[in-house]
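Working notes, structure below.
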2 protein chains.
Amino acid sequence: MVTMVDIDLDTMRTSAARTCSMLKTLSNPDRLLLLCQISQGESCVSDLEDALDIHQPTLSQQLGVLRDEGLVDTRRDGKFIYYSIASKQALAVMQVLYEQFCEVKPKRAKG
Amino acid sequence: MVTMVDIDLDTMRTSAARTCSMLKTLSNPDRLLLLCQISQGESCVSDLEDALDIHQPTLSQQLGVLRDEGLVDTRRDGKFIYYSIASKQALAVMQVLYEQFCEVKPKRAKG
DNA sequence: ATTACATTATATTAATACGTATTATATTGA
DNA sequence: TCAATATAATACGTATTAATATAATGTAAT
């Protein structure tokens, strides 16, 4: 169990709405992988395309969703556009998701 | 930035799919509040109804979704059915969401 | 046992909206 | 003019949600 202070229902609903908005954005495999990749370090679109094997218009569309939700920032360098994580909240969530769903824990000997 | 070990694309996609499945389940304000409430301690349906002001069939429907996804367990005691968190992964995610979206940090004086 | 009531779940439907993939085209910069 | 990226337009299927009604299970009283 987890300790959370008691807050009123309106406040809770407001927070829940903001939270759900982010969660929905994360609830797509392509976007999740994109964020995962970008959270490893700034990446340009063609890097992401190579790394994740998502084809370009889809990639661009989903990156657009991430931008609209404010989860990523962009920076242009010549022909390339570099993406980075803009939301510390998203980063915190990604970190836990990684720990819970991707990290393999070494098994301990019984005893 | 966050440190994650490099894993192959198939494995990543498999993990992403499982992760998205849970995220989708969390991506609804009613369900999120339900989980939040239940993570505070085992609750029966009428408690949840009172606490969250969601009407009964909706409540039951959304609890069904949480059950189907394996996020909650139930236990009957007479007329009442008690819900509790079944997934440590969900609990971990709820904890971070709470920290990131609900917790109010006291402001420090400058300097 | 039967009745009645409280608690929770299920079924059904209607309305709406959403997500995604695809193809084509536009923009920007070297 | 080519490479990198974004946008537009469309089309398809399907998911989401709320609402209403009804069923199932348990308890208590008679």
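Because only heavy atoms are used, hydrogens play no part in the values below, and waters and symmetry mates are left out as well, while side chains stay in. Chain naming here is simple, since letters A, B, ... match the order of the sequence lines and numbering starts at 1 in each. Because the structure is a prediction, the values reported are computed rather than measured.
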Table please: side-chain donor-acceptor pairs of residues 86-93 of chain B below 3.5 Å, with sequence neighbours left out.
from  : atom 1 : to     : atom 2 : distance (Å)
B:S87 : OG     : B:Q89  : N      : 3.3
B:S87 : OG     : B:A90  : N      : 2.8
B:Q89 : NE2    : A:Q100 : O      : 2.9

Value in whole Å for how far the [atom2] atom of [N] lies from [atom1] of [X]:
X	N	atom1	atom2	answer
A:L48	D:dT5	CG	P	9 Å
B:Q61	C:dA14	CD	C1'	13 Å
B:L23	D:dA15	CG	P	18 Å
A:L63	D:dT5	CG	P	10 Å
B:D77	D:dG26	CG	P	12 Å
B:L66	C:dA9	CG	C1'	14 Å
A:L32	C:dT20	CG	P	12 Å
B:L34	C:dA9	CG	C1'	15 Å

(message) Would you say B:K24 places a side-chain N or O within less than 4.0 Å of OP1 or OP2 belonging to D:dT16?
(response) yes

(request) Give a yes/no answer on whether the side chain of A:N28 brings an N or O atom under 4.0 Å of OP1 or OP2 in C:dG19. (result) no

Write down the atom of [X], the atom of [Y], and the distance for their closest heavy-atom approach.
X	Y	result
B:S60	B:R67	O-NH2, 3.9 Å
B:F101	A:S15	O-OG, 3.6 Å
B:R31	B:T25	NE-O, 2.6 Å

(message) As a test of reading the structure: which of C:dT22, D:dA18, D:dT20 is closest to the side chain of A:P57, going by heavy atoms?
(response) C:dT22

(request) Map A:Q62 and A:G78 onto DNA chain C by nearest heavy atom, then report which one ends up closer to the 5' terminus. (result) A:Q62

(message) Quick one: does any side-chain atom of B:S43 pair with a main-chain N or O of B:G41 as donor and acceptor, under 3.5 Å?
(response) yes

(request) Ignoring hydrogens and angles, tell me if any N or O in the side chain of A:T14 forms a donor-acceptor pair with the backbone of A:D10 under 3.5 Å. (result) yes

Contacts under 3.5 Å, N or O only, protein and nucleotides 1-8 of chain C:
from  : atom 1 : to    : atom 2 : distance (Å)
C:dT8 : OP1    : B:V45 : N      : 3.4
C:dT8 : OP1    : B:I81 : N      : 3.4
C:dT8 : OP2    : B:S46 : N      : 2.8
C:dT8 : OP2    : B:S46 : OG     : 3.2

(request) Flag the pair A:M12 / B:L52 as yes when at least one side-chain heavy-atom distance between them is below 4.5 Å, and no otherwise. (result) yes

